[in-house]
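Report on the structure given below.
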Amino acid sequence: MKNSLKFYFVTLLLLASDFVAFAQPGDDDGGGGLEGDDPQPAPIDSKLIILLIIGILFVFYTYKKSKRTV
């Protein structure tokens with residue numbers, strides 16, 4: 001019973017967030033663009049290797065921790 005309730009809750013949450021997640025249309029400036037200039041995109045690839053290494057270390061840490069408690 002609890003698992004089905006959790007499943008229904010997550011399904012409802014995902015379906016409801018689908019409708020809310022779309023951006024609202026902005027004001028047109030007459031030339032086909034939306035209001036104002038967009039800011040420069042943020043670079044996400046500068047520290048990607050470090051993030052990958054930290055993620056792998058975290059997986060090993062949690063795996064070893066779960067092996068000790070079992």
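We number each residue from 1, following the sequence as shown.
The hydrophobic side chain of V59 is isolated, with no ILVMFWY side chain under 4.5 Å apart from it. The hydrophobic cluster containing I49 also includes I53, L57, under a criterion of side-chain heavy atoms closer than 4.5 Å among ILVMFWY residues, counted directly or through chains of members. Under a 4.5 Å side-chain heavy-atom criterion applied to ILVMFWY residues, the cluster that includes Y63 comprises that residue alone.
Looking at residues two or more places apart in sequence or on another chain, you find a side chain to side chain contact (heavy atoms under 4.5 Å, CB included) between L52 and I56. Partners of T62 by side chain to side chain contact (heavy atoms under 4.5 Å, CB included), not counting sequence neighbours, listed by chain and number: F58. By the side chain to side chain contact (heavy atoms under 4.5 Å, CB included) test, L12 is found to be paired with no residue, residues two or more places apart in sequence or in another chain being considered.
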